[in-house]
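Comments concern the structure below.
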Amino acid sequence: MKLNERSVAHYATCDSPPDKTGFLFKKGERNTAYHRRWFVLKGNMLFYFEERDSREPIGVIVLEGCTVELCESAEEFAFAIKFECVKARVYKMAAENQAAMESWVKALSRASFDYMRLVVKELERQLEEIQEAAGGGCVGAGVGGLQGRPKSSRRNQVARSRSGASSSSSSSSSLSSSSSSAPPMSAPLSAQKSLQKEARRDEECSKENGVAWSKPPVALANGFVESSCVAWEACA
């Protein structure tokens, strides 16, 4: 794979935040001794500089199609970056201590796009499971709500019918009590009959010399009869 040296050098020294930085001992290809180099990891590119303050990197390793594993070496805390190709170079490095070695191995193993694809697929799968579980919970809640509504409506109807029955019974009892407390209607009828009798008697006894001094009784709207006859003492 061909890379543009200027673009790679600019990317290595630009202000974009690196994923990891630190010193490592790198085994040379021709000179098999280990040399201390400053390493900068950005994305899937591992840059190494001769010194920490160097302006340009002296090399870059593209971390695609490779594995990072521990290896046997004269240096302690050593690990190797191996590629799938048979003729590809094996990069051997060593950290200053156990913690640094484990940290670098973990960071380099997660730097490739292949690893990122696996992470994205796993996250998508977990998101689908969460959405399915949330959808099932909403459906269950909706069904439970629909099943519970008729019961409550039936209870409301029963309560309403009971309240209606109680109100009707109370109204009927109030009517019966009012009817029982009302005065009897027999008194006006007896008074009317007595008045009619008196009118007839007055009419009979008020005739003198063939002239009647009485007027016919007038019926009032309230059921009473008005008598306008003139009472004479002689008729008593």
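We count residues from 1, following the sequence as given.
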| said: Could you check whether Lys26 makes a cation-pi contact with Tyr91, meaning its NZ or CZ is under 6.0 Å from the centre of the six-membered ring and within 45° of the ring axis? | reply: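 No, a cation-pi geometry is absent between Lys26 and Tyr91.
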| query | If you take all heavy atoms of Pro57 and Ala12, which pair is closest and at what distance? | reply |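 Reported closest heavy-atom pair: CG-CB, 3.9 Å.
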Would you kindly confirm whether [X] and [Y] end up in one hydrophobic cluster when ILVMFWY residues are joined by side chain heavy atoms under 4.5 Å apart?
| X | Y | value |
| --- | --- | --- |
| Val60 | Phe23 | yes |
| Val90 | Leu70 | no |
| Met45 | Val105 | no |
| Val40 | Leu24 | no |
| Val68 | Phe83 | yes |

| field | Under-4.0 Å salt bridge between Arg125 and Glu129 | value |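 Judged by the 4.0 Å cut-off on N to carboxylate O distance, Arg125 and Glu129 do form a salt bridge.
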What's the separation between atom [atom1] in [X] and atom [atom2] in [Y], rounded to the nearest 0.5 Å?
| X | Y | atom1 | atom2 | value |
| --- | --- | --- | --- | --- |
| Arg110 | Tyr115 | CZ | OH | 4.0 Å |
| Phe47 | Tyr11 | CZ | OH | 6.5 Å |
| Asp114 | Leu63 | CG | CG | 11.0 Å |

| task | Could you point out which residue of Val120, Val119, Leu127 forms a side chain to side chain contact (heavy atoms under 4.5 Å, CB included) with Leu123? | result |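 Of Val120, Val119, Leu127, side chain to side chain contact (heavy atoms under 4.5 Å, CB included) with Leu123 is met by Val119 alone.
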Minimum side-chain heavy-atom gap [X]-[Y] below 4.5 Å:
| X | Y | answer |
| --- | --- | --- |
| Phe49 | Arg37 | no |
| Ile81 | Met93 | yes |
| Glu84 | Cys66 | no |
| Pro18 | Leu41 | no |
| Phe39 | Trp104 | yes |
| Gln98 | Glu102 | yes |
| Lys82 | Cys71 | no |
| Glu96 | Arg36 | yes |

| field | Enclosure of Glu72 CD (heavy-atom neighbours >12, cutoff 6.0 Å) | value |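 No.
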| message | More than 12 heavy atoms of other residues, nucleotides or ligands under 6.0 Å from NE2 of His35: yes or no? | response |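 Check passes, neighbour count above 12.
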| said: Listing request: all side chain to side chain donor-acceptor pair (under 3.5 Å) pairs with a residue in residues 48-68, at least two apart in sequence or in separate chains. | reply: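 Passing the test, one end in residues 48-68: Asn44-Glu64.
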| Regarding Ser73 and Lys92, is there a side-chain donor-to-acceptor distance under 3.5 Å anywhere? |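 No, Lys92 and Ser73 have no side-chain donor paired with an acceptor closer than 3.5 Å.
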| task | Ignoring hydrogens and angles, state whether a donor on the side chain of Lys20 or Ser103 is under 3.5 Å from an acceptor on the partner side chain. | result |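 Per modelled atom types, Lys20 and Ser103 side chains form a pair under 3.5 Å.
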| Stepwise side chain to side chain donor-acceptor pair (under 3.5 Å) check, Ser16 with Lys42 | CA-CA 9 Å; Ser16 61; Lys42 286 188 175 183; 2.9 Å; yes
